[in-house]
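Pasting a structure here, questions to come.
Counting starts at 1 for both ligands and their atoms, following the listed order.
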Amino acid sequence: MSSFRRTAALVATAGVGLAITFAGSPAQADVDAQRAQRTVDVRLIGINDLHGNIEPPTGSSGRVTLADGTTVNAGGAAYNATHIKNLRAQVKNSVVVGQGDLIGASPIVSALFHDEPTIDILNKVGLETTAAGNHEFDEGYKELLRIQQGGCHPVDGCQFNPTYTGAKFPILGANVTKVKTGLPALPPFWVEIRDGIPIGFIGMPLKDVPILVDPNGIKELQFGDEIKAANKYADLLNLIGIKSIVLLVHQGDQTAANGGPNGCTNTPGPGQLIAEKVSPKIDAVFSGHSHQHYNCTVKDPAGNPRPFIEGLAFGRELSVVDLKIDRKTRDVVRSETKAENKIVTQDVTPDPAIQAVIDQAKTKSGPIANKQIGTISADIVRAQAPTGESPLGNLIADSQLAATTGNGAVIALMNPGGVRADLTFPSSPQNEGNGVVTYGEAFTVQPFGNILQTVTLTGAQLKTVLEQQFTATRTIVLQPSANLTYSWSTSAPFGSKIADLKISGTPVDPATSYRVTINSFLQGGGDGFPGFTVGTAITGGGIDLDAFAAYLGSHPNQAPPALGRITTIP
Ligand SMILES: [Zn+2]
């Protein structure tokens, strides 16, 4: 690809400047040969939910389970880069794209520098465009614009390199508009040209971003329906003669059974709905967000097949879709599309240029990351039991209560989505066998830097918020501190599932006030818990990670907390 001459032209559309990249052929003989061909092959390589995992992820986050149940270690940006290079070398035309959450909720090696090392690496591997995910908005819209355009962080400055020049790939948000003007807040699409054929990429986050990130950072934005936005821009692209159209959407499905990288074992959910319902003008749907992998073919509204694919998070898989495009119609020959999730195995030579960036980030973050903060006696995992509890979630809730008893807190509740990784024993290669927990490992578990807040809820309001864990579309069981116990009914209707609610063994009284510690994300109503926003007498309680680190420090040889705080009844 490097020999291709590239020029850029600007097309102004929908109030947003969009650059179109032309990839020309190096030799006239080649051009003539291509013209003689009736189709053009283009390979698309998708990355989703990397979450700044430039180093190989550890524990279960660093393994892929194959269809036969065996596992393969996978991930790491230097291996990823080599796999991308190899995949590109096999074909004449390729485009590398992303489906969002490439940054945010990252390990310390990237997060300490506001993910600038990850952007640097994605620039170097030649990512052409990506959808914004929810995590791209973690630090707010203004920070996302800085990530895109460059410039030093307003508070921390340029800590990684002397300058930060921004992402060379556009971060798309076709359903993201400004509240005031209704105009796009991010570019809605991007066009790449291969062998004279334009390919349009419409990208966007899921419409639920407002319940997934700190509401304060996205006040000026509105997140619209994914299908509506996709169809609007598919029509527009079609109108300007772009017939090969790909959707990059940061939304996906859960999987019911282990189907390996290329099984189609998703439980039809919001991802499949989008994949099936968006305009027949869209030829392939790359998805993300659910941290699952699947490789499906769905029927579009006109009855034609198109791929619906997601690769495993943290850079463990690349989603490869090979399109055959008819030169005359400039549209994809759907029956010829091939899709495959490729595992980012660690048996290839790591890309030296990418490794250099990783090494620089490790060196700069090392002294902080490697500091010992505590010890554990066994793995403490975040996997949730059928009751919804997890040992690590319980431990974090305990740490948040301990940090805020000064606020009068009597219980703490933690959103399970904020528990990002397991604490493993042995923890890291250099601490083999001794159960040491480093600051970097704790950071990987709790990377968001949420502020703890203690609010007053009545017993009735507490029950209401616990009922909000269960809705028709999702179950999110909050992780409770040790002294909060209750049971929930698997069969009772929504709104009346909670029973036997007790604090330190005493039944919760509906009219009595209780001080409850949560993080700022939940306090803002995040994860669909509006019940916390009615809390009064809000008191700040420091950063969640600091509470976690302090708790580990004061509880050496910490064992996994027992489950049983929550029970289920029929
Ligand atoms: Zn996401």
| said: Tell me whether K364 at atom NZ has more than 12 heavy atoms from other residues, nucleotides or ligands lying less than 6.0 Å away. | reply: yes
| message | Around the Zn ion (ligand 1), how many protein N, O or S atoms are found at less than 2.8 Å? | response |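 Count of protein N, O, S atoms less than 2.8 Å from the Zn ion (ligand 1): 4.
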| Are H135 and H289 near enough that their ring centres are under 6.0 Å apart? | no
| request: Salt-bridge test for R306 and E276: reply yes if a basic N is under 4.0 Å from a carboxylate O, no otherwise. | output: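 Answer for the salt bridge query: no.
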| task | Determine, for F529 and R474, whether the Lys NZ or Arg CZ falls below 6.0 Å from the six-membered ring centre while staying within 45 degrees of the axis. | result | yes
| said: If the threshold is 4.0 Å, N to carboxylate O, is there a salt bridge linking E226 and K228? | reply: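 Answer for the salt bridge query: no.
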| task | Determine, step by step, whether Y164 and H114 satisfy the ring pair (Phe, Tyr, Trp, His ring centres under 6.0 Å) criterion, reporting the C-alpha distance in whole Å, the side-chain angles of both residues, the deciding distance to 0.1 Å, and the verdict. | result | CA-CA 11 Å; Y164 170 68; H114 298 281; 9.9 Å; no
